[in-house]
Structure formats: C-alpha cells, structure tokens
Amino acid sequence: MYFHPLQVPLRDGRSAVIREATREDSAALFELERAIVRARQGIVKHEDELPPDAATFAAQRERAGLMKTDGSAFPLLVEGEGGVLLGEASVLRIGYRMLRHVGVLGIGVHPSAQGLGVGRLLMRHLLQWVRSHRDGDGGRVLRVELYVRADNSRAIALYRSMGFTHEGSRRAFLRADDGTLVDDLLMGLLLAEADAS
Ligand SMILES: CC(C)(COP(=O)(O)OP(=O)(O)OC[C@H]1O[C@@H](n2cnc3c(N)ncnc32)[C@H](O)[C@@H]1OP(=O)(O)O)[C@@H](O)C(=O)NCCC(=O)NCCS
C-alpha cells in the first residue's frame with residue numbers, strides 16, 4: 001500500500017506535490033484543519049470543538065485508523081512550495097468484514113488555496129489509488145461514500161463531477177451560523193460501476 005508522490009500543476013501556474021500523509025504530517029494537518037474550520041465554509045464544527053493540541057489531534061487520527069498501512073486507510077495530501085500544506089483527503093474503510101468494501105471519504109483544502117484545482121486533484125488521485133488497491137485476498141473498495149452540507153454547492157459540484165450521486169438526506173441535520181437548519185446529503189460512488197463505464 002503505497003502512493004508514489006507526484007508533481008502536479010495548480011491553476012495559478014505554481015506546482016505542488018501530492019503524496020501519502022504520514023504520522024510526521026500530524027501537526028501540519030492540525031493547522032490545516034484549524035484554518036478550514038476558522039473559515040466557516042462547508043464545515044460542521046466550531047474552532048473550540050477541535051482537539052486542544054496537535055498531539056491530541058494525532059492521537060485521534062491514530063484511533064480512527066487513518067494511519068493504518070494494511071489497506072484500511074488512504075490518506076493523501078497536497079504540499080505547495082516550501083512544503084506548505086494546501087489540502088488533504090482520505091478514504092477510510094469500515095472495519096467490519098461485511099462493510100470492508102465501503103470507504104468513507106473526507107476532504108479539506110486550505111482557504112487560501114481553494115479554487116486552484118487542489119480539491120479536484122485530491123479527488124482524482126485518491127479515487128485512483130483506492131480503485132487500484134487489492135487486499136491480499138483480492139478484496140477491494142467497491143463503494144465510496146461521503147456526507148456534505150446541502151448548502152456546500154462548491155463541494156457538491158466537485159463530487160458530482162467525479163461521479164458521486166445523491167443517495168439521501170439527513171434533514172435539518174445541522175444548525176448554521178445564522179441559526180437556520182441545514183440538511184446534510186449522503187453521496188455515494190460505486191467503483192465497480194465506474195470501472196465498467
Ligand atoms: C470543497 C473543496 C474541497 C473544493 O476544493 P477546491 O480546491 O477549492 O476546488 P477545486 O479548485 O479543485 O475545484 C473543483 C470544483 O469545485 C467547484 N468550485 C471550485 N471553486 C468554486 C467556486 N468559487 N464556486 C463554485 N464552485 C467552485 C467547481 O465545480 C470546480 O470544478 P472545476 O475544476 O471544473 O472548476 C474546498 O473548497 C474546501 O475544502 N472547502 C472547505 C471545506 C469543505 O467544504 N470540505 C468538504 C466537506 S464535505
């Protein structure tokens with residue numbers, strides 16, 4: 001299970017590197033998450049609900065299984081010039097054997113790097129990586145799913161363009177900053193179907 005680092009072009013003419021995230025990236029990933037949460041776009045938590053420090057954040061990633069190297073987790077990140085972290089995305093497979101073909105996707109791009117193609121690059125390479133992975137017994141990820149706020153039109157447009165379809169809604173799932181209740185969408189992609197098309 002290894003993702004070969006790749007040099008990729010951004011829309012502003014600069015280049016970046018897309019590579020697997022490791023334990024050593026935890027502190028930078030924590031800073032990225034804080035910047036995204038502070039920007040209050042597309043997120044479901046407040047800054048004071050984040051882990052108190054990078055070590056706790058790293059422990060949470062570890063507990064969630066994101067650092068496993070047995071084919072359960074596919075963590076990617078994009079680094080800009082000088083090693084600055086521009087975005088990250090991951091697919092984490094569900095542990096139960098009956099659900100092991102299901103991966104849950106998460107993605108976040110730094111507010112200062114949004115709109116440059118980082119999100120699309122992450123989605124494309126992450127899905128390729130997941131699609132090409134085979135377990136020792138031939139098992140693979142067949143379904144990728146994600147949750148997205150119904151008012152996050154930018155993310156929804158990106159997911160639809162990658163083949164995800166709207167499968168259901170959690171009505172009035174979250175309360176936005178202005179007090180209104182917002183639905184949350186479940187979107188899914190069947191990799192076997194996408195492979196066949
Ligand atoms: C949603 C997000 C991941 C998209 O990443 P990004 O790097 O900003 O997006 P990209 O530049 O790769 O653009 C991808 C697509 O998003 C959409 N998009 C990007 N910028 C947009 C804008 N300003 N307005 C509307 N749609 C936009 C377009 O469909 C675009 O397609 P294109 O490549 O054909 O232009 C990123 O904006 C983000 O992290 N936002 C905050 C956190 C979040 O919403 N996470 C997802 C939670 S489910």
Side-chain angles (χ1 to χ4, degrees), residues 6-19 21 25 28-51 57 60-61 64 66 73-81 84-92 94 102-130 143-178 180-189 194:
L6 286 171
Q7 186 116 13
V8 286
L10 301 183
R11 276 185 202 147
D12 63 359
R14 289 185 293 177
S15 77
V17 170
I18 185 162
R19 65 168 175 82
D25 298 308
L29 284 165
F30 180 51
E31 284 313 310
L32 174 68
E33 169 125 337
R34 284 176 58 176
I36 292 170
V37 167
R38 264 192 230 119
R40 311 231 33 80
Q41 267 280 318
I43 41 90
V44 296
K45 49 191 147 182
H46 290 278
E47 198 177 351
D48 62 1
E49 292 164 331
L50 289 171
F57 174 83
Q60 282 183 3
R61 276 179 70 83
L66 272 163
F74 301 81
L76 274 190
L77 56 76
V78 171
E79 249 174 9
E81 284 160 4
V84 54
L85 200 50
L86 303 181
E88 62 89 25
S90 62
V91 164
L92 182 61
I94 302 181
V102 181
V104 182
L105 187 144
I107 183 168
V109 174
H110 195 285
S112 66
Q114 289 174 8
L116 298 178
V118 173
R120 186 171 291 285
L121 281 166
L122 279 165
M123 290 294 290
R124 195 167 70 230
H125 289 284
L126 181 57
L127 291 173
Q128 264 169 23
W129 187 20
V130 169
R143 170 185 167 81
V144 179
E145 63 181 33
L146 59 86
Y147 288 96
V148 57
R149 286 173 59 141
D151 60 1
N152 194 352
S153 48
R154 175 186 293 205
I156 293 168
L158 172 60
Y159 303 147
R160 280 196 195 285
S161 74
M162 302 301 301
F164 283 81
T165 57
H166 176 207
E167 297 183 334
S169 299
R170 302 193 280 190
R171 291 174 299 159
F173 185 69
L174 60 99
R175 193 177 289 285
D177 289 345
D178 66 3
T180 54
L181 291 168
V182 178
D183 294 352
D184 197 51
L185 310 186
L186 166 63
M187 299 187 79
L189 174 71

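Just follow the structure's listing: the first ligand is 1, and inside any ligand the first atom is 1.
- Residues that satisfy the side-chain hydrogen bond (donor to acceptor under 3.5 Å, both in side chains) test with Arg124, not counting sequence neighbours, are absent from this structure.
- Not counting sequence neighbours, the partners of Arg154 by the side-chain hydrogen bond (donor to acceptor under 3.5 Å, both in side chains) test are Gln114.
- Counting non-hydrogen atoms of neighbouring residues, nucleotides and ligands closer than 6.0 angstrom, the CD atom of Gln60 exceeds 12 such neighbours.
- By the side-chain hydrogen bond (donor to acceptor under 3.5 Å, both in side chains) test, Asp151 pairs with Arg149, sequence neighbours left out.
- No salt bridge links Glu33 with Arg38; every basic N to acidic carboxylate O contact stays at or beyond 4.0 Å.
- Annotation: ligand 1 has protein neighbours Arg11, Ile36, Gln41, Gly42, Ile107, Gly108, Val109, Gln114, Gly115, Leu116, Gly117, Val118, Gly119, Arg120, Tyr147, Val148, Asn152, Arg154, Ala155, Ala157, Leu158, Tyr159, each with a heavy atom less than 4.0 angstrom from the ligand.
- With a 4.5 Å cut-off on side-chain heavy atoms, Met123 and Leu158 count as touching.
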